[in-house]
Amino acid sequence: MESLVIKAGLGDILDKVKNGERITNEEGVRLYECPDLLAVGYLANMVRERKNGDRAYFIYNQHLNYSNVCTNLCKFCAFGKEKGGEKSYEMTVEEAIAKVRDRLDEPISEVHMVGGIHPDLPFSYYIDILKGIKKVRPDIHIQAFTCVEIDHLAKLAGKSVKETLEILMEAGLDSIPGGGAEVFSPRIREKTCPDKLSGEGWLEVAKTAHGLGLKTNATMLYGHIETTQERVEHLAALREAQDETGGFLAFIPLAFHPKNTEMSDLSRSSGIDDLKNVAVSRIFLDNFPHIKAYWVMIGPKMAQVALSFGADDVDGTVKEEIITHMAGAETEQAMAIPELVHIIKEAGRTPIQRGTLYDVIKEY
Ligand code: V47
């Protein structure tokens with residue numbers, strides 16, 4: 001295999017990966033542009049196995065999208081809707097809590113809760129949902145509100161991001177998911193989500209959370225109008241932030257789904273690009289413990305293959321995924337544990353059911 005990597009012109013990067021040395025932005029671009037997927041995958045797998053052995057993680061989780069009403073209306077998003085518009089919805093506090101109560105008989109360890117930037121729900125709504133979930137299921141881990149939502153909640157509360165996070169933590173917030181990062185490049189944000197919190201703003205919220213001991217994830221929405229350079233700059237900004245705080249748990253590359261969006265003229269990402277994003281991020285983000293191949297977006301089969309291309313996590317049972325399905329995803333909305341275990345075992349990895357912070361719940 002090493003001769004294949006050298007033949008692909010990646011001999012210098014092979015040396016760096018072997019020595020545990022960091023790659024440069026220019027090398028990141030070269031990896032993305034290398035036509036030899038297996039060579040790039042080989043390098044990513046070296047990093048993956050060094051960090052995570054043959055373990056492949058999944059979680060028994062529940063997604064809860066309390067509302068899709070959103071003032072940002074990003075061009076790549078089919079989920080966000082104007083208030084009062086067709087297909088817009090918002091759950092009452094009681095309805096959101098009932099979603100958790102309805103599944104008390106299942107061994108769910110995490111609720112993943114995000115929504116849009118709602119124009120008029122009060123700050124107390126978010127606090128009441130957090131408290132209500134903890135009341136009906138005290139031991140569940142609440143991973144909620146993207147950095148973009150947290151910034152909005154701080155404005156609602158009239159407090160700093162740090163003070164707002166402290167109040168949210170007191171109410172039950174345990175960690176923060178990776179959404180809203182998109183591509184940090186101001187060019188991309190101006191063209192696709194001009195009203196959204198800036199990339200710098202997103203990173204500030206994440207770093208503030210880390211300062212309070214909250215772990216967070218990070219994402220990148222790829223496969224639309226971003227350049228390779230912009231992808232690498234996004235990864236570089238995440239790597240730099242992680243050097244400062246060490247608070248990121250996982251990076252999740254998100255494949256753009258164009259259906260029902262204002263960018264519906266674009267095509268879906270290719271299988272090669274899906275694997276490249278997993279592999280390059282694994283090599284580039286040398287300080288991130290985990291890379292997640294989110295089966296909902298790339299399909300269970302591609303997520304399975306990604307376990308040999310850098311990924312060590314496939315997300316989880318999910319259930320009721322809405323964001324990607326409104327944008328035309330053809331995957332199921334949930335996956336059962338035996339199926340997750342099956343795809344992981346067939347990939348030659350050891351399935352580990354994890355808690356949100358990668359604590360081992362069960363090894364299969
Ligand atoms: O922030 C929006 C993206 C994100 C589309 O942290 C789209 O573990 C594809 O962040 N096509 C929400 N993607 C989902 C998310 C996530 C999912 C699973 C696990 C974790 C984690 C985080 O979805 C949004 C946005 O970047 N998105 N529209 C679309 N049409």
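Each ligand, and each atom within it, is numbered from 1 in the order the structure gives. All residue numbers in this chain count up from 1 along the given sequence.
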- prompt: Salt bridge or not for R231 and D273, using N-O below 4.0 Å?
  reply: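 A salt bridge links R231 with D273.
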Pair R349 + D312, salt bridge at N-O below 4.0 Å: no
When you look for heavy atoms under 4.0 Å from ligand 1, do you find them on the side chain of [X], its backbone, both, or neither?
{"X": "A327", "value": "side chain"}
{"X": "T324", "value": "neither"}
{"X": "Y294", "value": "side chain"}
{"X": "A255", "value": "backbone"}

message: Is D315 close enough to touch ligand 1? Criterion: a residue heavy atom under 4.0 Å from a ligand atom.
response: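 Yes.
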query: Is there a heavy atom of L221 sitting under 4.0 angstrom from any atom of ligand 1?
result: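 The answer is yes: ligand 1 sits under 4.0 Å from a heavy atom of L221.
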- request: Measure from atom 20 (C) of ligand 1 to every heavy atom in K75, H112, E182 and give the option owning the shortest one.
  value: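 Residue with the shortest heavy-atom distance to the ligand atom: H112.
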- request: Look at atom 24 (C) of ligand 1 and find which of G180, A181, C74, S264 reaches it with the closest heavy atom.
  value: G180
Nearest non-hydrogen partners of H224 and E226, listed with the distance: N-OE1, 2.9 Å
message: Any nitrogen or oxygen of F256, side chain or backbone, less than 3.5 Å from one on ligand 1?
response: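 No, F256 has no N/O under 3.5 Å of an N/O on ligand 1.
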message: Can you report which non-hydrogen protein atom sits closest to atom 4 (C) of ligand 1, along with the distance?
response: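 Its nearest protein heavy-atom neighbour is L254 CD1, 3.7 Å.
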- request: With rounding to the nearest 0.5 Å, note down the distance linking CD in E320 to NE2 in H63.
  value: 11.0 Å
query: Just how far is it from atom CD1 of I59 to atom OG1 of T356, taken to the nearest 0.5 Å?
result: 4.0 Å
field: ligand 1 atoms in contact with K292 (distance to a heavy atom under 4.0 Å)
entry: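 In order of numbering, the contacting atoms are 8 (O), 21 (C).
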- prompt: Which of the atoms in ligand 1, numbered in the order shown and given with their element, are less than 4.0 Å from a heavy-atom of N217?
  reply: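 That gives atoms 6 (O), 8 (O), 21 (C) of ligand 1.
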Aromatic ring pairing Y358/Y57, orientation class (parallel under 30°, perpendicular over 60°, tilted between): perpendicular
- prompt: Once the angle between the rings of Y66 and F145 is folded into 0 to 90°, is it parallel (under 30°), tilted (30 to 60°) or perpendicular (over 60°)?
  reply: perpendicular
